[in-house]
Amino acid sequence: MNDRIYLDYNATTPLSDEVLEFYKEKLSSYANASSLHEDGRSARKDIEKARAQVAALVNVNPDEILFTSGGSESNNTVLNSMIAESEKRGRNLVITTQIEHPCILEASKRLVSFGLEVIYLPVDEYGCVKTEEYMKALEKKPLLVSIMTANNEIGTIQDIKKLAALAHDAGALFHTDAVQAAGKIKVDLADWNVDYASFSCHKIYGPKGVGALYIKHGSPIEPLIRGGHQEKGLRAGTYNAPAIAAFGKAAELALEELESYGERTRELRNRLRNGLLASIPDIKINGHPAKVLPNTLDVSFPGAEGESILLHLDLLGVDVSTGSACASGSLEPSHVLLAIGLGPELAHGSIRFSLGKYTTEDEVDYLLKYFPGVIERLRKMSSAYCAGK
Ligand SMILES: *Cc1c(COP(=O)(O)O)cnc(C)c1O
């Protein structure tokens, strides 16, 4: 496992050494963080420290952070809250985009059965929301707008501050899925002035199964999971105190390392991109050329099939992804690549390389040495492919 080359950091990250050590230490304490005895109070203290650390990463107040089981739950909590809110506000429209994570797409689809309407905004060839289409949709007086900060497949970053201001001008609430942005670019929620934002611990070198939802003071929210009084009654269930504490540690490190992370991954990603462009003819880089996550590189290889490329890379000891982790496993081409205008064939022949803080120059160079041959062989086997056409 250790001598494999992991280039799938957008799917999940390993625990960083510091987080692993801290998490192990915390795992042995089993106290219920709601208990009033000393061990309970100690676990509770860890949770409140973590809340402050997560809040600091995204520049908000600790009491605006709600702990959840992950990005999917945070997203579902916001969308589910709109069922009750639509009655109160007399608005029933939710605006989102065609390139959201499946948990946003599926949760918003479900809202339709509760009488809500959903508009899935198209994006341009780079994955940016089209302003004109957005303005037109806002005229319909939406209840909520939900637009991801950065896309998990192609890495495109939206102008959340501007999109949120426009939504507020139209009297709407604004949510952003910032799972892929946190720890990779500066996320300043106070400046962006959003009402809600979702985060996940396992995308920032912490354990899986824990996440956060930012809820601006006064923004309406309904619990998705009801029961005990944890999280002010907004999220029932005994606290996973060790994982939450580790989330805090991961957030603290992410904030400390934000700049060096960006510089390092950008340099390595550019090295990989330039190397691929120089050694493999006829490839297409997907996503915005500048407004893109520093670690993400999505590439289409006409004449080669994504799953075949992935398996060949697997044999070379390199972990990558075709489309999103959720889209792979099915034979459906990525909805994100279709939305930016790729045909089904090109969308099927695409690979996402996502780098991270343990990626090295040697790993990138190893890939650049052996990967061009893989594409050449696959293209030779493909009767349909004719270079230059
Ligand atoms: C990973 C991811 C999620 C889901 O987060 P989980 O913690 O795995 O539920 C949501 N949105 C985006 C953009 C993601 O990349």
Side-chain angles (χ1 to χ4, degrees), residues 6-15 19 50 54 57-58 65-80 96-109 120 123 127 129 146-158 160 163 175-185 187 194 196-214 224-225 235 237 240 243-244 246-248 250-251 254 287-288 291-298 320-329 334-337 339-340 352-356:
Y6 187 72
L7 295 176
D8 203 12
Y9 282 83
N10 285 10
T12 194
T13 54
L15 293 173
V19 170
V54 171
L57 177 63
V58 297
I65 292 292
L66 176 82
F67 285 118
T68 65
S69 68
S72 300
E73 187 189 322
S74 297
N75 286 340
N76 271 268
T77 300
V78 173
L79 290 176
N80 184 65
T96 184
T97 79
Q98 292 175 2
I99 61 165
E100 297 298 313
H101 189 272
C103 61
I104 288 281
L105 297 176
E106 291 302 317
S108 54
K109 227 195 272 174
Y120 299 92
V123 293
V129 169
S146 178
I147 298 177
M148 70 199 323
T149 308
N151 185 267
N152 43 305
E153 291 185 40
I154 56 175
T156 296
I157 300 166
Q158 311 289 340
I160 294 301
L163 295 169
H175 165 253
T176 188
D177 173 348
V179 168
Q180 287 292 342
K184 297 193 180 111
I185 58 170
V187 174
V194 302
Y196 314 97
S198 303
F199 302 96
S200 178
C201 174
H202 76 94
K203 304 278 172 79
I204 62 163
Y205 306 91
K208 289 151 188 65
V210 60
L213 176 61
Y214 160 72
L224 188 65
I225 299 171
R235 206 284 183 177
N240 187 350
I244 292 173
F247 187 12
H288 196 281
K291 289 181 269 181
V292 65
L293 291 174
N295 77 316
T296 305
L297 181 67
D298 193 275
V320 297
S321 184
T322 57
S324 70
C326 309
S328 54
S334 146
H335 67 285
V336 176
L337 298 181
I340 62 170
R352 177 187 69 189
F353 303 95
S354 50
L355 287 59

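The chain is numbered in sequence order, starting from 1. Counting starts at 1 for both ligands and their atoms, following the listed order.
At a 4.0 Å heavy-atom cut-off, ligand 1 touches H202 through the side chain alone.
Of the protein's non-hydrogen atoms, H101 NE2, 3.5 Å is the one closest to atom 3 (C) of ligand 1. The protein non-hydrogen atom at the shortest distance from atom 14 (C) of ligand 1 is K203 NZ, 3.0 Å. The protein atom (non-hydrogen) at minimum distance from atom 4 (C) of ligand 1 is S72 OG, 3.6 Å. When hydrogens are left out, the protein atom nearest atom 7 (O) of ligand 1 is S200 OG, 2.6 Å; that is the closest non-hydrogen contact. Among all non-hydrogen protein atoms, the one lying nearest atom 13 (C) of ligand 1 is D177 OD2, 3.4 Å.
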Evaluate the criterion side-chain contact (heavy atoms from CB on, under 4.5 Å) for residue pair I104 and M148; output intermediate values, then yes/no. CA-CA 9 Å; I104 288 281; M148 70 199 323; over 6 Å; no
Give the C-alpha distance, both sets of side-chain angles, the deciding distance and a yes or no for side-chain contact (heavy atoms from CB on, under 4.5 Å) between V194 and Y214. CA-CA 9 Å; V194 302; Y214 160 72; 4.0 Å; yes
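Close approach to N152 involves these atoms of ligand 1, each under 4.0 Å from a residue heavy atom: 13 (C), 15 (O).
The shortest N/O to N/O separation between G71 and ligand 1 falls below 3.5 Å.
A donor-acceptor distance shorter than 3.5 angstrom exists from the side chain of S74 to the backbone of A212, with no hydrogens or angles considered. Side-chain atoms of S198 do not come within 3.5 Å of backbone N or O of D177 as any donor-acceptor pair.
The distance from atom CD of E73 to atom CG of N80, rounded to the nearest 0.5 Å, is 10.5 Å.
Within a 6.0 Å sphere centred on NZ of K208, heavy atoms belonging to other residues, nucleotides or ligands number more than 12.
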